[in-house]
Each structure stands twice: as C-alpha cells, then as structure tokens.
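Structure record follows, encoded as structure tokens.
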Amino acid sequence: VTNIATASDRCVFPAELVYRSLRNELTRGAHPRMPRNCVVQPQGHLGALPKSATVERLDAQELRDYLRIPKGSSPRIVVGAGYVQPRKGVDLFVQTALHFRQRFGEDFRFLWVGEGYKPDTDVHCSVWVKDSIRRAGLENHLFMLESQSDLDVVFGLADVFYLSSRLDPFPNVVIDALAAGVPVVCFDRATGCADFLAEHRAPAYVAGYLDTADAAQGIQKCLDAEWLRQFRPGPGIVREELDIERYAAFVEDQAREACRAREEQDRQAEVL
C-alpha cells in the first residue's frame with residue numbers, strides 16, 4: 001500500500017485511521033517522509049448493488065425460521081457481517097454474544113452473514129468459531145448464515161448492527177446499516193468509521209478497543225429507544241454526509257487537481 005500511495009498523484013482514504021497508518025509507516029523508516037498527496041473522504045452510499053445470479057436470499061419468514069424464532073416471539077436481533085476470518089473478529093462476535101446472554105438474558109439472536117464459514121474444512125478460523133459457539137452453549141442464540149444477495153431483509157429484522165472487526169477501514173455495511181435506520185456498535189481504534197460516527201452524532205456506541213463486555217453493554221444501550229433519541233437519524237446522516245454523487249464529484253475534483261499539479265511539475269522541470 002505504501003508503494004501505491006507514494007507512486008500516486010492523489011490517494012483518497014476513507015478514514016483518518018487508514019491515513020494515519022500510512023503516515024506512520026512512511027515516517028518510521030530509514031528515510032522518513034510525510035505524504036503530501038493524501039486526502040481523507042468517506043465513500044458514498046451505494047443505494048443498490050447488482051443482483052447476483054448465484055447468491056439467493058432468505059425472505060423475512062425464512063430468516064425467522066432460520067433463527068428459530070417461535071411464532072409470536074420478537075427477540076432482539078444483532079447482526080454482524082463479513083467474510084469469516086480473524087480480522088473480522090468473528091470470535092469477538094461470539095464472545096460478545098456470551099457476555100450479552102450473561103448480563104441481559106436469553107431473549108436475543110446474534111446473526112453473522114458472510115461467506116467463508118466452513119467448519120468441516122477451515123481449520124484456521126471456522127472450526128474454532130463453531131467450537132466456541134458449542135462450548136458457550138449459544139447454539140440457539142448465535143447463527144452463521146451464508147452471504148445474501150442483499151441485506152435488505154436482514155436489516156429489516158435487525159435491531160443493532162455490530163462491527164466486531166479488529167481492523168476495518170470504513171466498511172460499506174456500516175453505511176448500509178445507517179441508511180436502513182439500524183444503530184451501530186463498533187470498537188474504538190479498530191475501524192475508521194468510529195471517528196465518523198462520533199463526529200456526526202450517529203446512532204452508535206463505540207466500545208473500548210476489543211472490549212467485548214463493553215460492546216455487549218453498547219448493544220443493550222442501542223436497544224433503548226430513549227437512549228437513541230440523542231442522536232441524529234442514520235438515514236439523514238447518509239443522505240447529507242455520504243451521498244455517492246458528491247463523493248464521485250470529490251474524486252473527480254481530486255483528479256483534476258492532480259493533473260494541474262503534474263502539469264506544473266512538468267513545466268518547472270522543463271524550465272530547469
């Protein structure tokens with residue numbers, strides 16, 4: 001990444017956290033240098049993605065059946081998403097579910113949506129996730145679901161979106177959650193969206209770094225409608241701060257500025 005950034009005329013980062021990572025990398029080498037071609041701008045919200053011909057999605061009733069929700073019952077539903085790997089913190093997702101049950105009772109479901117959960121063949125991550133779910137006694141509370149063509153139905157049932165990643169620049173799924181009116185819980189210093197959520201008073205709880213007990217507390221807070229009233233509505237934040245057309249225009253302006261800077265460099269070189 002450092003080679004790409006230093007070779008580029010302009011490098012647009014989605015969050016200050018990611019930019020700081022590059023800056024730290026460049027300033028601690030044998031020949032430290034400060035990047036001067038970098039700007040920070042979160043990406044815009046894509047209202048719809050192309051439908052996949054190979055990935056199906058469950059409808060609302062199928063999803064309730066998958067989560068073993070009895071008819072007439074309305075447990076709180078916490079959603080996580082992403083490829084099943086250590087960076088995404090799937091193990092932290094399980095730990096948080098255990099904390100949540102110990103502190104707040106049995107009336108909940110945690111749902112992870114994403115590819116890569118293969119406990120019969122993946123000995124690096126999936127096998128341990130499955131074993132942790134079993135040992136924690138969470139088989140009726142935590143469910144792993146393969147990737148869906150979209151998350152509209154999932155967010156329609158979700159009460160909270162929980163980003164359990166150890167490191168995640170500014171995942172689109174957080175923006176999708178806000179657009180759907182679903183509050184977000186994430187870790188401080190683990191994702192670039194944490195600063196954005198705080199700065200824009202988004203309906204969110206930023207837990208201490210990898211503190212799963214604090215994350216469980218944050219999820220409980222996000223289930224409190226009265227507590228959520230202090231924040232701006234998520235859909236409004238997306239419309240005002242994360243418009244895809246404004247983002248595209250910003251990137252286009254950066255490209256034009258890069259072209260002007262390159263022309264000036266060429267002119268000066270010719271003069272010299």
Side-chain angles (χ1 to χ4, degrees), residues 1-29 31-46 80-83 85-89 92 160-179 182-212 214-215 218 222 230-258 261:
V1 175
T2 55
N3 290 336
I4 294 174
T6 53
S8 301
D9 291 300
R10 279 292 186 280
C11 194
V12 180
F13 289 91
E16 184 69 25
L17 178 80
V18 190
Y19 169 61
R20 285 200 301 266
S21 178
L22 170 73
R23 189 175 59 196
N24 292 339
E25 189 72 21
L26 292 176
T27 55
R28 71 181 179 208
H31 303 286
R33 58 196 186 280
M34 285 296 292
R36 301 181 182 277
N37 61 334
C38 300
V39 293
V40 176
Q41 178 66 40
Q43 70 270 28
H45 174 239
L46 290 173
Y83 197 87
Q85 56 170 294
R87 182 178 68 84
K88 289 291 186 178
L92 302 177
V160 178
F161 177 75
Y162 173 32
L163 181 71
S164 58
S165 298
R166 289 178 164 83
L167 186 64
D168 226 330
F170 201 113
N172 287 327
V173 69
V174 169
I175 303 176
D176 294 337
L178 292 175
V182 178
V184 175
V185 173
C186 65
F187 292 121
D188 188 27
R189 290 174 288 145
T191 172
C193 71
D195 291 339
F196 177 89
L197 295 171
E199 178 184 353
H200 296 284
R201 294 193 305 108
Y205 185 92
V206 179
Y209 179 68
L210 304 191
D211 188 338
T212 52
D214 192 21
C222 286
Q230 65 183 299
F231 302 105
R232 295 169 60 194
I237 293 174
V238 172
R239 285 193 303 271
E240 295 166 18
E241 311 293 343
L242 297 168
D243 179 76
I244 187 62
E245 292 186 3
R246 285 203 297 269
Y247 178 72
F250 175 86
V251 173
E252 188 175 5
D253 287 343
Q254 291 299 312
R256 290 197 184 97
E257 181 60 32

For F250 and V39, run side-chain contact (heavy atoms from CB on, under 4.5 Å): C-alpha distance rounded to whole Å, both residues' side-chain angles, the deciding distance at 0.1 Å, then the answer. CA-CA 10 Å; F250 175 86; V39 293; 4.0 Å; yes
Walk me through it: do E257 and D9 pass the test side-chain contact (heavy atoms from CB on, under 4.5 Å)? CA-CA 9 Å; E257 181 60 32; D9 291 300; over 6 Å; no
Take T212 and F187 through the test side-chain contact (heavy atoms from CB on, under 4.5 Å) and record every step on the way to the result. CA-CA 9 Å; T212 52; F187 292 121; 4.3 Å; yes
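Going from atom CG of N172 over to atom CG of D176 covers 6.5 Å, rounded to the nearest 0.5 Å. Here the SG-CG distance, from C193 to D168, works out to 7.5 Å after rounding to the nearest 0.5 Å. With values rounded to the nearest 0.5 angstrom, K88 atom NZ is found 7.0 Å from L163 atom CG. Here the OG-CZ distance, from S21 to F13, works out to 8.5 Å after rounding to the nearest 0.5 Å. The CG atom of L178 lies 11.5 Å from the CZ atom of F231; values are rounded to the nearest 0.5 Å. Atom SG of C186 and atom CZ of F161 lie 9.5 Å apart (nearest 0.5 Å).
Of all heavy-atom pairs between Y162 and A215, the closest is OH-CB, 3.6 Å. Residues L167 and L17 come closest through the heavy atom pair CD1-CD2, 4.3 Å.
Side chain of S164 to backbone of G80: no donor-acceptor contact under 3.5 angstrom is found. Although no hydrogens or angles enter the test, the distance criterion places no donor-acceptor pair under 3.5 Å between the side chain of D195 and the main chain of A15. The closest donor-acceptor contact from the side chain of D188 to the backbone of A194 lies at 3.5 Å or more, if one exists at all. Between the side chain of R166 and the main chain of A190, no donor-acceptor pair closer than 3.5 Å is present.
Remark: A198 engages no residue in a side-chain contact (heavy atoms from CB on, under 4.5 Å) (not counting sequence neighbours).
Looking at heavy atoms from C-beta onward, I244 lies out of side-chain contact with H45 at the 4.5 angstrom threshold. Side chains of C11 and C38 form a contact here, defined as non-hydrogen atoms less than 4.5 Å apart.
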Only pairs under 3.5 Å count here: list side-chain donor-acceptor contacts from residues 199-210, not counting sequence neighbours, and write none if there are none.
| unit_1 | atom_1 | unit_2 | atom_2 | d |
| --- | --- | --- | --- | --- |
| R201 | NH1 | Q230 | O | 3.1 |
| Y205 | OH | D214 | OD1 | 2.6 |

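Residue pairs meeting the side chain to side chain donor-acceptor pair (under 3.5 Å) criterion with at least one partner in residues 243-254, sequence neighbours excluded, are R10-Q254, E252-R256, D253-R256.
When each of V174, T191, I237 is checked for a side chain to side chain contact (heavy atoms under 4.5 Å, CB included) with F196, only I237 meets the rule.
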